[in-house]
Amino acid sequence: MTYTSTRDKSVRVTSSEAITRGISADGGLFVPTNIPRLSADDLLQLSSMDYKGRAKEILSLYLTDFTPDEISACVDGAYAPGKFASDKIAPLVTLSDGVDILELWKGPTCAFKDMALQLLPYLLAVSASKAAQGRRIVILVATSGDTGKAALEGFKDVPDTQIMVFYPNEGVSPMQKLQMATQEGANVAVCAINGNFDDAQNGVKAIFTDKAVAEKLAARNLMFSSANSINWGRLVPQIVYYVSAYCDLIQENKIKNGDKINIVVPTGNFGNILAAYYAGEMGVPLNRLVCASNQNRVLTDFISTGVYDRRRDFYTTMSPSMDILISSNLERLLFLLTGQNDTLVREWMTSLSKDGVYDAGAALLAKMNVLFAGGFCDEAGTSALIKQVFTEKGYLCDTHTAVAVDVYNRYRAETGDETYAVIASTASPFKFCASVLGALDQKAAEGLDEFGMVRALEKLTGQVCPPQLADLNTKKVRFTQCCEQDEMEEAVLQSIAEL
């Protein structure tokens with residue numbers, strides 16, 4: 001298995017090189033040159049395994065320069081007993097007939113990013129031993145909320161690594177901000193920026209591709225890598241949980257092997273739903289992939305028109321992990337749907353950078369719409385859905401999951417499609433207490449601080465806040481720095497000097 005770049009298909013690297021580098025030197029994203037296949041018999045065999053067993057099998061198909069022992073050690077370390085609140089790692093919960101919730105937030109930071117970011121440090125350690133020539137790794141991360149904390153926790157005190165996370169100062173929930181500001185570890189740094197997630201992401205990409213910065217790092221025996229989903233090492237673990245979900249449906253006699261399913265994903269950067277697409281290309285029988293957006297509906301509009309246009313108002317919403325107008329991982333899908341046409345992808349990405357818009361054309365739109373459907377949910381709809389689902393089903397959604405459930409409900413009503421559906425749930429509702437509590441009772445949050453709202457939400461719903469969130473008020477705040485986008489490079493170099 002080799003990997004190429006979405007902007008230069010002549011590139012050939014190993015999985016270790018792709019994971020270590022994070023992003024191609026040309027600014028493109030690494031993708032496998034071919035997608036391995038799973039037969040119906042393979043899926044049946046995987047269904048008899050636990051999550052770790054499935055992960056080892058699937059990773060071995062993509063990470064062919066890893067030995068079986070290396071893959072086994074990575075998986076066993078990432079999903080060791082006690083790290084996740086469920087023995088199933090990513091359990092399915094029935095919401096209604098023919099609809100399951102895939103809870104991806106049972107890990108140490110209560111967000112779906114843990115599914116990959118507990119594994120990535122192990123993958124990167126092995127990759128660096130093969131491809132980094134003894135250099136230490138500097139991890140740069142832009143986050144819209146959950147990736148930052150999950151990456152910090154995953155890389156905390158990992159030998160020969162340093163990590164720095166940038167987040168939009170006014171664009172994350174109070175709980176998310178506190179999770180990052182109180183992060184422990186001798187090799188970690190956190191900095192807010194005055195701007196939105198796209199500003200943070202663009203700033204990190206610019207630093208990655210700055211040759212002068214790379215030379216400064218090389219002089220100190222350092223190199224950059226990424227823990228964002230632009231890194232293939234972040235994306236490949238996410239493929240696992242969609243394959244695993246299908247296997248669980250078989251195992252629980254909810255579907256028969258070979259039955260198609262729908263997968264519904266709340267997403268802003270397109271990585272989580274792209275992982276589901278890869279699972280489908282591997283052989284998981286898919287009917288539709290439903291892409292759910294919040295009020296920042298750039299992906300919904302693209303799936304509807306084929307025109308990607310970031311020249312629009314940016315909204316700070318109660319589902320901040322989707323407050324994104326530049327969806328980086330969409331580039332990988334474009335590369336695949338165009339038959340690996342790097343020239344077209346390069347032209348579109350240049351147009352997006354310079355003009356803020358590109359038109360992928362009618363042919364690609366038609367190809368995309370065979371599998372993908374899109375929809376969005378505004379703020380009022382998100383709140384209403386949280387209350388409705390808790391009142392009618394007794395299930396408490398976070399704000400992102402609520403967007404997905406609302407979009408799926410409308411998709412099903414409009415199309416009549418009753419194919420068995422799996423809805424990805426991406427975070428604990430206690431990460432967004434003000435919004436969730438306010439949705440259930442508008443007056444319940446009045447006069448309460450963040451942890452007063454935690455207690456109120458527990459009392460109102462009878463559910464218990466995960467201790468890693470409830471105990472944050474006892475943690476010391478370590479990081480208060482805030483900078484402008486054009487100061488991010490200086491902040492990185494200063495952090496490297498201090499750590």
Side-chain angles (χ1 to χ4, degrees), residues 1-5 8 11-30 32 59-60 62-78 116-142 151-165 183 185-189 204-237 488-499:
M1 173 71 73
T2 58
Y3 291 75
T4 189
S5 167
D8 182 0
V11 168
R12 288 294 183 274
V13 299
T14 65
S15 63
S16 294
E17 290 171 317
I19 292 170
T20 303
R21 296 180 194 179
I23 190 171
S24 182
D26 50 54
L29 306 185
F30 289 117
L59 292 175
S60 69
Y62 285 100
L63 310 180
T64 53
D65 56 336
F66 283 53
T67 68
D69 285 347
E70 286 170 338
I71 288 177
S72 184
C74 289
V75 171
D76 288 342
L117 283 166
Q118 284 298 300
L119 182 58
L120 180 60
Y122 294 93
L123 297 179
L124 186 58
V126 175
S127 297
S129 71
K130 299 174 185 291
Q133 300 173 331
R135 284 177 287 180
R136 289 163 46 227
I137 309 296
V138 178
I139 310 293
L140 288 190
V141 177
L152 289 163
E153 191 64 27
F155 281 95
K156 176 183 69 177
D157 293 328
V158 171
D160 297 322
T161 66
Q162 297 176 206
I163 179 168
M164 185 165 192
V165 169
Q183 177 64 48
N187 65 334
V188 305
V204 165
K205 283 187 175 180
I207 296 169
F208 261 112
T209 54
D210 188 320
K211 292 182 179 178
V213 177
E215 288 172 359
K216 290 178 182 178
L217 264 68
R220 299 186 58 181
N221 201 35
L222 300 168
M223 66 178 292
F224 281 133
S225 189
S226 173
N228 282 97
S229 56
I230 57 174
N231 191 321
W232 180 253
R234 257 286 306 278
L235 194 61
V236 68
M488 289 172 63
E489 179 181 314
E490 181 183 347
V492 170
L493 294 175
Q494 182 179 346
S495 172
I496 290 169
E498 291 175 352
L499 288 176

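Using a 4.5 Å cut-off on side-chain heavy atoms (C-beta onward), Val13 and Thr2 make no contact. Using a 4.5 Å heavy-atom cutoff, the side chains of Leu217 and Leu493 are in contact. Counting heavy atoms from C-beta on, the side chains of Ser226 and Val204 never come closer than 4.5 Å. No side-chain heavy atom of Ser24 sits less than 4.5 Å from a side-chain heavy atom of Asp8.
For the residue pair Thr161 / Asn187, a side-chain donor-acceptor distance below 3.5 Å is found, with atom types taken as modelled. Gln494 and Glu498 form a side-chain donor-acceptor contact under 3.5 Å, judged by distance and modelled atom types alone. Counting only N and O atoms by type, the side chains of Thr67 and Asp69 include no donor and acceptor under 3.5 Å apart.
Heavy atoms only, all atoms of each residue included: Ser495 and Gln162 are closest at O-NE2, 4.4 Å. Shown here for Ala132 and Ile137, the closest heavy-atom pair between the two residues is CB-CD1, 4.1 Å. Considering all non-hydrogen atoms of both residues, Pro32 and Trp232 come closest at CD-CH2, 3.6 Å. Here the closest heavy-atom approach between residue Val188 and residue Lys156 is recorded as CG1-CA, 4.3 Å. Taking each heavy atom of Arg135 and Leu222 in turn, the nearest pair found is CD-O, 4.1 Å. When all heavy atoms of Gly28 and Ser5 are compared, the closest pair comes out as CA-OG, 3.6 Å.
Put simply, CD on Glu17 and OG on Ser127 are 9.5 Å apart, with the number rounded to the nearest 0.5 Å. With rounding to the nearest 0.5 angstrom, the CG atom of Asp210 is 8.0 Å from the NZ atom of Lys216. How far CZ of Arg12 is from OG1 of Thr14: 13.0 Å, rounded to the nearest 0.5 Å. The CZ atom of Arg136 sits 7.0 Å away from the CZ atom of Arg220 when rounded to the nearest 0.5 Å. Rounded to the nearest 0.5 Å, atoms CZ (Phe208) and CZ (Arg21) are 13.0 Å apart. One finds the CG atom of Leu119 at 10.0 Å from the CD1 atom of Ile71 (value rounded to the nearest 0.5 Å).
The pair Lys130-Glu70 counts as a salt bridge, with a side-chain nitrogen and a carboxylate oxygen less than 4.0 angstrom apart.
Annotation: Tyr3 is not in aromatic contact with Phe30 [ring centroid separation under 6.0 Å not met].
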Next on the checklist: Walk me through whether Val492 and Ile207 qualify under side-chain contact (heavy atoms from CB on, under 4.5 Å).
Outcome noted: CA-CA 9 Å; Val492 170; Ile207 296 169; 3.9 Å; yes

Next on the checklist: Assess the residue pair Ser225 and Leu124 against the criterion (side-chain contact (heavy atoms from CB on, under 4.5 Å)); give the C-alpha distance rounded to whole Å, side-chain angles, the decisive distance to 0.1 Å, and a yes or no.
Outcome noted: CA-CA 9 Å; Ser225 189; Leu124 186 58; 4.1 Å; yes

Checklist entry - So Val213 and Glu489, side-chain contact (heavy atoms from CB on, under 4.5 Å) or not? Walk me through it. => result CA-CA 8 Å; Val213 177; Glu489 179 181 314; 3.3 Å; yes

Item to check | Stepwise side-chain contact (heavy atoms from CB on, under 4.5 Å) check, Met164 with Ile139 | outcome: CA-CA 6 Å; Met164 185 165 192; Ile139 310 293; over 6 Å; no

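Of the possible donor and acceptor atoms, none in the side chain of Thr64 sits under 3.5 Å from a partner among the backbone N and O of Ser60. Judged by distance alone, with hydrogens and angles left aside, the side-chain atoms of Asn228 form a donor-acceptor pair with the main-chain N or O of Ala142 at under 3.5 Å.
Results of the side chain to side chain contact (heavy atoms under 4.5 Å, CB included) test with Leu123 over Thr20, Val75, Leu63, Asn231 single out Leu63 as the only residue that passes.
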